[in-house]
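The structure appears below as structure tokens.
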2 protein chains.
Amino acid sequence: MTRRLLVVGGDAAGMSAASTAKRALGDRLDVVVLERQPWTSYSACGIPYWVAGDVATLDDLIARTPQQHRKNGIDVRTGATATEIDLEAGVVTAFTDAGAETFAYDELLVATGAEPVRPDVPGVDAQGIYGVQTLADGRRVLDALARDPGRVVIVGAGYIGVEMAEACVRRGLDTVVVGKHPTPMPTVDDDLGELVAKEMRSDGIDLRVGVTVTGFEADLDGHVRAVVTDHGAITTDLVILGAGVRPRTELAAGAGLRLGVDGALPVDPHGRADVERRVWAAGDCVESVDRITGRASYVPLGTHANKQGWVIGRNLAGYDVSFPGVLGTAMTKVMSLEIARTGLGERAAREAGFDPVSERIEATTSAGYMPDARTMTVKVVADRGTRRLLGAQIVGGEGSALRIDSFALALWNEMTVDALMMTDLGYAPPFASVWDPVQQAARAAVSTLGSPLR
Amino acid sequence: MTRRLLVVGGDAAGMSAASTAKRALGDRLDVVVLERQPWTSYSACGIPYWVAGDVATLDDLIARTPQQHRKNGIDVRTGATATEIDLEAGVVTAFTDAGAETFAYDELLVATGAEPVRPDVPGVDAQGIYGVQTLADGRRVLDALARDPGRVVIVGAGYIGVEMAEACVRRGLDTVVVGKHPTPMPTVDDDLGELVAKEMRSDGIDLRVGVTVTGFEADLDGHVRAVVTDHGAITTDLVILGAGVRPRTELAAGAGLRLGVDGALPVDPHGRADVERRVWAAGDCVESVDRITGRASYVPLGTHANKQGWVIGRNLAGYDVSFPGVLGTAMTKVMSLEIARTGLGERAAREAGFDPVSERIEATTSAGYMPDARTMTVKVVADRGTRRLLGAQIVGGEGSALRIDSFALALWNEMTVDALMMTDLGYAPPFASVWDPVQQAARAAVSTLGSPLR
């Protein structure tokens with residue numbers, strides 16, 4: 001008997017699950033995907049590089065089009081906005097060009113993604129204030145930039161904020177970034193955030209941190225004309241929201257599914273949001289388990305969305321695979337400065353009940369005598385009692401950020417800093433010092449922790 | 001009571017142990033170092049980049065001079081060639097400017113390093129044939145290059161061979177590389193070696209592989225004038241030996257210490273070559289344990305030398321630390337192509353008793369739509385029964401090689417390819433695809449291995 005999988009949301013998580021399941025099951029599974037937009041399987045993370053001009057067209061950001069998915073036997077309905085899920089009946093209602101339509105399912109996958117956080121302040125609905133979450137958002141921003149604004153104000157100094165700042169300043173725009181926290185990139189510690197601030201300012205970005213947006217002023221047409229902050233108003237007719245995202249879970253909540261951290265959907269390791277009623281969920285709308293603290297967390301990232309989708313696809317096909325949780329690994333760059341982090345910072349470690357020790361070192365991206373050696377700063381956090389690595393942060397020149405993966409794998413395997421220090425990492429003068437920066441940082445922690453005599 | 005540590009060899013391993021122990025013990029330890037050459041603590045690995053012109057002077061390759069070590073209380077004797085160890089008496093004889101001198105010790109560290117393998121063929125002692133192991137070697141090569149040779153022939157197409165080839169071709173020289181194996185870089189599989197061959201040839205290097213050197217012809221002055229091979233003679237007045245190194249263990253063998261793999265000194269995890277007679281050994285003259293096979297291996301690399309030296313220094317100071325063995329991680333580059341490997345290749349895996357499966361993928365160093373995305377080829381080997389990762393190899397453009405560290409840490413922790421596939425590695429378009437190449441390779445292996453249904 002042919003079962004039907006209905007997927008709400010046709011981006012990374014949804015299409016990854018759909019493709020994986022369809023490939024395995026063929027005619028034994030009908031797959032219908034409801035997607036509001038005209039696009040599927042695209043890289044939202046690529047939008048800043050599209051805006052910057054690195055990526056020529058919207059199409060370049062699309063990994064697989066609706067047509068390509070249809071060729072693989074997946075019934076993709078674009079322009080279809082799901083408005084109601086009836087879990088008891090096993091039916092989803094969606095609006096399309098043709099009006100309301102209902103879709104029955106045997107298995108439902110909620111992959112509705114996330115949406116930009118819009119600050120809860122007066123005037124936030126003025127025209128000219130854009131998020132950067134969907135390709136439509138990206139196109140709107142590009143259209144606005146084509147109208148040659150005098151100035152761009154970016155609200156938020158996290159990943160999206162700094163990436164959009166780079167894009168705008170490279171386009172030659174007067175670029176203002178407003179951030180609430182005293183330093184940009186609050187997912188790294190303030191001392192490392194200071195290095196990011198220095199880079200941004202030297203790139204010509206007007207960075208205003210420790211500043212809270214209190215409202216937006218609009219002109220008579222309803223178009224934004226100033227960002228109002230607790231440190232005065234900044235005139236502009238273009239605002240980009242880079243203050244993070246929140247899960248799009250109104251539809252799921254409306255169906256009676258329970259919401260968790262930050263309003264995201266809790267799921268079990270197999271990807272099930274409701275086992276009885278055959279509901280799965282994945283991607284930017286779900287919670288993940290933090291492997292270090294064991295707690296639920298909300299970490300919307302394409303890398304998790306793809307894996308979660310794959311896990312669900314395999315489970316639908318009869319395999320038994322689990323999504324093992326996250327560490328909070330993330331990276332980005334602003335101009336020539338690379339930024340990366342994984343695991344817990346010192347404060348988060350303390351809050352999670354560890355007794356953290358942190359160490360910071362300066363190293364170089366290649367042997368110090370090589371002409372292209374760049375400075376990098378590495379900070380590690382370890383637990384005093386167990387000597388286990390708890391987290392790491394890196395800020396530095398080209399060749400710095402990828403090293404976060406070494407820390408991530410050490411965290412994943414619950415290694416001590418002593419063990420990490422002695423591992424066999426790659427070495428050659430163009431790539432590393434004879435003690436890799438990762439191991440220099442681990443060694444510094446070992447030294448701070450001290451060792452028992454024999 | 002003050003003990004005396006006598007160190008024979010003042011490079012990475014020797015000076016690392018000397019410094020670590022002296023820092024911990026201060027006046028409780030006398031440290032005397034006997035070093036043949038005028039230099040200490042230098043980077044032999046940097047010689048190709050010095051020859052290439054990336055590194056301006058010999059001094060840049062020296063991490064710490066004899067004077068700096070002396071300031072730290074270490075009695076460094078340069079120009080002192082140890083000629084005999086009397087283990088029963090606890091005395092080493094060395095020749096210096098002043099003639100023969102004897103040095104008594106309480107603890108002896110043999111850190112005599114390695115020397116280039118000189119092919120056992122007629123004429124190999126002709127003038128104009130240089131190794132690249134010591135700074136003196138590097139200087140001799142630079143002097144020879146300054147005399148504007150018509151052509152350079154490099155014997156050996158491994159790490160030193162390809163690095164010296166890059167240096168020579170960048171200096172505008174007619175550069176010939178002769179290698180015995182059918183592809184260059186025999187530490188990666190032949191299909192990846194072919195990619196290296198292609199790069200070398202496109203860089204203008206005259207690569208002749210599958211060719212065996214059978215002798216060297218010299219002119220009447222005793223200077224080399226041709227390299228003779230089983231595929232004809234190649235005229236040249238400058239030959240660089242890049243056919244690997246062997247341990248310098250004649251001194252230790254002369255004292256009655258047992259030699260192991262490739263003539264290297266076996267040591268226990270603490271770094272002891274002979275516990276009873278208080279002999280330690282570290283660096284390019286010792287064996288290491290391969291963590292995957294559990295077998296003794298000879299892997300002379302600065303990164304191990306430094307760690308082994310540190311371990312001995314800590315143990316001398318009363319701590320209890322072990323060198324945990326090696327994986328065979330190594331990396332290099334030739335022009336714009338990066339090459340890296342760790343663990344076992346398919347053949348080595350089979351020889352070690354595994355049932356290996358290998359998978360090869362093509363990926364990009366950043367998201368495929370980014371303008372600087374470079375192609376990279378990744379090959380993984382896994383064990384069929386346990387699904388454990390056994391090894392990985394990478395050849396690709398800028399941003400490829402560092403990813404070997406992820407594989408190295410997965411190997412270190414005996415991860416399965418299934419587990420590696422689901423780890424939380426860093427992602428952002430300038431650095432990776434949403435599935436990192438490491439995880440794409442692991443996923444390919446998972447797919448080949450198949451999975452049991454639930």
Side-chain angles (χ1 to χ4, degrees), chain A residues 12 43 45-46 49 54-55 60-61 291 301-304 306-307 314-315 318-321 323-324 326-333 340 342 367 369-371 399 401-406 408-410 412-413 415 419 422-431 434-436 438 451-454, chain B residues 12 43 45-46 49 54-55 60-61 291 301-304 306-307 314 318-321 323-333 340 342 367 369-371 399 401-406 408-410 412-413 415 419 422-431 434-436 438 451-454:
Chain A
S43 171
C45 312
Y49 307 96
D54 289 331
V55 176
D60 294 326
L61 295 181
R291 286 176 64 90
L301 255 183
T303 174
H304 305 320
N306 272 281
K307 290 189 188 75
R314 296 286 278 187
N315 286 330
Y319 299 100
D320 179 11
V321 289
F323 182 72
V326 304
L327 299 170
T329 311
M331 49 169 61
T332 189
K333 72 178 200 59
T342 187
Y369 51 77
M370 293 295 283
L402 265 186
R403 287 185 158 89
I404 206 68
D405 289 346
S406 294
L409 281 160
W412 194 271
N413 292 289
M415 293 179 83
M422 297 306 276
T423 54
D424 186 2
L425 301 185
Y427 161 61
F431 302 104
V434 74
W435 287 92
D436 188 272
V438 167
S451 304
L453 286 179
R454 194 167 47 234
Chain B
S43 171
C45 312
Y49 307 96
D54 290 330
V55 177
D60 295 326
L61 295 181
R291 284 176 66 91
L301 255 182
T303 175
H304 305 319
N306 272 280
K307 291 189 187 74
R314 297 285 279 188
Y319 299 100
D320 179 11
V321 290
F323 182 73
V326 304
L327 299 169
T329 312
M331 48 169 60
T332 190
K333 71 178 202 56
T342 188
Y369 52 76
M370 294 294 284
L402 265 186
R403 287 185 157 89
I404 207 68
D405 289 345
S406 294
L409 280 159
W412 195 270
N413 292 288
M415 292 180 84
M422 297 305 276
T423 54
D424 186 3
L425 301 185
Y427 160 62
F431 302 104
V434 74
W435 287 92
D436 189 272
V438 167
S451 304
L453 287 178
R454 195 167 47 234

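The model shown is predicted, which means the values in this text are computed figures rather than measured ones. Per chain, numbering begins at 1; letters A, B, ... match sequence-line order.
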### Query
In terms of heavy-atom pairs under 4.5 Å with chain A, which of B:Leu327, B:Ile404, B:Val438 leads?
B:Leu327
### Summary
Comparing B:Thr332, B:Val321, B:Leu301 against chain A, the one with the most heavy-atom pairs below 4.5 Å turns out to be B:Thr332
### Task
With a 4.5 Å cut-off on heavy-atom pairs, point out which of A:Ala12, A:Ala401, A:Ser451 contacts chain B the most.
A:Ser451
### Message
Can you tell me which of A:Met415, A:Arg291, A:Met331 forms the most heavy-atom pairs within a distance under 4.5 Å of chain B?
### Response
A:Met331
### Atom group of A:Asn315 that falls short of 4.5 Å from chain B, counting heavy atoms
both
### Task
Grab the two heavy atoms, one from B:Met370 and one from A:Asp54, that are nearest each other, plus how far apart they are.
CE-OD2, 4.3 Å
### Evaluation steps, side chain to side chain contact (heavy atoms under 4.5 Å, CB included), between B:Asp424 and A:Thr342
CA-CA 9 Å; B:Asp424 186 3; A:Thr342 187; 5.5 Å; no
### Task
Indicate the atoms forming the closest heavy-atom contact of B:Asn306 with A:Trp435, along with that distance.
CB-NE1, 3.6 Å
### Task
Walk me through it: do B:Leu409 and A:Leu425 pass the test side chain to side chain contact (heavy atoms under 4.5 Å, CB included)?
CA-CA 8 Å; B:Leu409 280 159; A:Leu425 301 185; 4.0 Å; yes
### Query
Looking at A:Asp436, A:Thr303, A:Asp60, which one has more heavy-atom pairs under 4.5 Å with chain B than the rest?
A:Thr303
### Query
Looking at B:Ala428, B:Cys45, B:Ala408, which one has more heavy-atom pairs under 4.5 Å with chain A than the rest?
B:Cys45
### Proximal component of A:Tyr427, with respect to chain B [non-hydrogen, under 4.5 Å]
both
#### Entry: Choice from B:Ala340, B:Ser43, B:Ala410 maximising heavy atom contacts with chain A below 4.5 Å
B:Ser43
### B:Asn413 side, atom CG; A:Thr423 side, atom OG1 - distance, nearest 0.5 Å
9.0 Å
### Task
Calculate, to the nearest 0.5 Å, the distance between atoms CE and NE2 belonging to B:Met422 and A:His304 respectively.
10.5 Å
### Query
Relative to chain A, which segment of B:Tyr49 carries a heavy atom at a distance below 4.5 Å: side chain, backbone, both, or neither?
side chain
### Query
Side chain of A:Asp405, backbone of B:Ser406: donor and acceptor closer than 3.5 Å?
no
### Query
Which atoms of B:Arg314 come close to chain A, meaning under 4.5 Å heavy atom to heavy atom: side chain ones, backbone ones, both, or neither?
side chain
